[in-house]
2 protein chains.
Amino acid sequence: MERRRRPTLADVARMAGVDASLVSRVLRNDPRGFASAETAERIRAAAGEIGYRANAAARGLRSARTMTLGLLLPGFSSPVYASIAHGVEERAGEQGYGLVLGTHAAGDPHETITGMLMHGRVDGLLVSSGRIEDRALRRLVEQAPQSVVLVNRQVRGVAASVVLRDADASAVAVAHLAELGHRRICGIFGPRSLDTMVRRRRGFLAEATRRGVEASVVEMAERDHRAGADGVVQALKGGTRPTALVAGTFPMGVGVLAGLHEAGVDVPGRISVVALHDDGLADYLVPRLTTVAMAAERLGAEAVDLAIALVDGADPRRVVVPDPPRLVRRESTASLISND
Amino acid sequence: MERRRRPTLADVARMAGVDASLVSRVLRNDPRGFASAETAERIRAAAGEIGYRANAAARGLRSARTMTLGLLLPGFSSPVYASIAHGVEERAGEQGYGLVLGTHAAGDPHETITGMLMHGRVDGLLVSSGRIEDRALRRLVEQAPQSVVLVNRQVRGVAASVVLRDADASAVAVAHLAELGHRRICGIFGPRSLDTMVRRRRGFLAEATRRGVEASVVEMAERDHRAGADGVVQALKGGTRPTALVAGTFPMGVGVLAGLHEAGVDVPGRISVVALHDDGLADYLVPRLTTVAMAAERLGAEAVDLAIALVDGADPRRVVVPDPPRLVRRESTASLISND
DNA sequence: CTGTTAGCGCTTTCAT
DNA sequence: ATGAAAGCGCTAACAG
């Protein structure tokens with residue numbers, strides 16, 4: 001079977017009886033080179049007929065722009081990453097950018113990311129991963145300061161980042177519980193090596209103090225289902241006997257529910273539970289899980305905008321997505337009926 | 001701030017006192033051009049010192065190979081897609097291929113995919129999505145028969161595809177339930193427009209027949225949490241009074257559990273539940289969900305291998321991942337204690 | 001309004 | 001074992 005050659009600019013030019021450069025300008029709507037309406041039409045018709053598509057490599061080589069962004073994720077497992085990826089993809093598409101995905105489930109993460117950037121495969125890189133060490137990131141940014149945006153993370157020495165209002169999200173959770181009458185609340189968070197966790201924890205403690213609520217914190221090494229379930233054991237073991245639990249991530253919230261069920265504790269009868277970050281799954285848990293929704297998709301979108309701005313020469317900056325965290329009340333929280 | 005130019009082959013060549021073409025050969029270990037050990041060492045040293053990285057666009061332009069594969073997904077939500085993506089990413093990495101991701105959450109899916117291929121951004125395309133219509137796929141394959149691999153899907157007229165043993169997975173679920181003594185089983189599946197669903201349904205009915213079990217089927221328009229929960233209502237409404245339910249997907253299984261809880265039906269006391277496809281979440285549901293695990297990651301890996309083979313000129317073929325579906329017994333299934 | 005020219009950085013014959 | 005030269009397909013500067 002003959003594999004026919006992909007049509008090139010020259011083919012279109014020949015067909016329309018004009019020069020290739022004119023075809024290039026017309027097809028890109030280059031403002032510096034208007035063709036007569038008639039010629040333009042002829043060119044477009046020719047291009048359409050033979051199904052011309054500009055070769056991305058040639059274009060990239062010439063213009064030193066790939067119109068592609070890289071997104072580095074730790075994996076696809078967590079719903080937050082799924083949301084971020086979705087937001088990134090959508091916004092990138094709107095802006096005419098393609099998306100190269102890298103998870104560093106496999107191989108050396110630092111090699112993966114530097115590779116994408118250094119080979120010129122992408123114009124900018126969105127790094128949304130807690131697993132890459134701060135100093136690797138700083139080194140990378142030294143080499144390519146105009147190309148790296150941190151997503152859902154802040155690192156000293158990296159000037160371009162986008163984060164959510166994590167502290168406020170915790171505050172919303174605590175406020176909700178306090179209004180339901182809870183006076184002893186335990187927060188179960190992930191490791192302090194993640195700055196999201198640091199902010200959520202800080203917001204949690206601050207709001208508790210503000211409201212005169214007794215707060216305790218359990219710190220887990222991970223932030224997945226298991227960490228939530230294991231965290232429950234620790235939360236119940238202490239002498240504080242909390243009547244409400246705040247889970248630092250959505251998966252932890254799922255684990256907390258499972259852990260409490262395992263321990264024979266009724267939710268929300270005896271203990272109320274709120275998780276930070278919302279997900280569609282919440283409606284199908286038993287009981288339906290009350291959450292604090294944050295704008296994870298917008299986080300991705302803002303990161304894309306920032307990355308493109310950097311590529312265009314703008315100065316790096318730190319963005320906080322302004323959307324206020326929003327309580328999604330379901331069945332895992334209830335008024336405290338004193339049971340001391 | 002001076003943005004220093006990225007080093008090129010010529011830079012390395014100048015530094016090592018040789019020609020650029022030699023540098024190219026040495027750095028790629030081109031078998032046709034051996035340099036003396038000493039020269040090669042000098043070249044490598046120079047490249048290392050200035051941090052030379054081949055420009056992907058130039059390389060792609062010249063060699064008409066991008067060393068990049070495209071993966072089209074409907075989204076990141078479902079755990080199966082997450083697994084497939086993970087398998088694809090890992091295997092692509094091992095083979096030296098990059099990965100361009102496209103979901104068609106945004107925009108016209110057909111445009112998204114043809115675009116990636118037609119602009120020469122990718123050497124091959126893995127399509128793992130039920131949302132693209134068969135005829136769009138056939139049209140695409142006509143244009144680029146050596147570049148498209150269907151993942152977890154088969155379409156008439158598309159010769160390259162990789163699928164799992166869906167029918168066998170259903171059979172494993174039915175066999176398990178039959179062995180526990182269940183004689184009336186209802187399967188809740190997604191739409192018949194998805195060939196995975198057709199195969200799972202067929203396997204379900206075949207195994208039921210083989211074992212002399214009374215089987216009924218509920219067909220839902222979707223295959224997500226909600227479809228599972230809604231499916232339960234239908235399953236319980238009929239006169240068949242099943243003692244066990246098979247959910248066509250993992251999310252449906254989650255929904256089934258939720259729906260049964262809502263209906264006040266004890267699992268596994270009154271009804272047993274099995275879901276097709278496994279996920280880590282299963283251990284954190286109430287009750288822990290029994291599943292049939294399929295090799296979704298390997299599905300992705302096999303798709304990558306097939307795509308690369310096609311690019312290298314091999315003939316398209318249909319692959320069935322041989323790994324047998326495997327029962328993961330948890331708490332949502334139990335022996336039938338007669339309750340007629 | 002349109003054509004000419006040069007060259008992005010690399011790989012690949014073909015010489016030597 | 002190494003070099004010279006051509007060119008992948010496109011865009012951009014400059015002419016006209």
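Below, read A as the first sequence line, B as the second, and so on, with proteins coming before strands; counting in each chain starts at 1. For clarity, every value in this text was computed on a predicted model and none was experimentally measured.
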Stepwise, does the salt bridge (Lys or Arg N to Asp or Glu O under 4.0 Å) test hold for A/R25 with A/D19?
CA-CA 10 Å; A/R25 282 176 296 221; A/D19 189 84; 5.8 Å; no
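Between B/D11 and B/R6, no side-chain nitrogen of the basic residue sits less than 4.0 Å from a carboxylate oxygen of the acidic one, so the salt-bridge criterion is not met. Salt bridge status for B/R91 with B/E94: present, with a side-chain N to carboxylate O gap under 4.0 Å.
Contacts of B/D195 classified as side-chain contact (heavy atoms from CB on, under 4.5 Å), with partners at least two apart in sequence or in another chain: B/R153, B/Q154, B/R199.
The side-chain hydrogen bond (donor to acceptor under 3.5 Å, both in side chains) contacts involving residues 37-50 of chain A comprise A/S36-A/T39, where partners must be two or more places apart or lie in separate chains.
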When every nucleotide of nucleotides 8-16 of chain D is labelled 5' to 3' by its protein contacts under 4.0 Å (heavy atoms), B for base, S for sugar-phosphate only, - for none, what sequence of letters results?
BBBBBB---
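For the pair A/R14 CZ and C/dG3 C1', the computed distance is 16 Å after rounding to whole Å.
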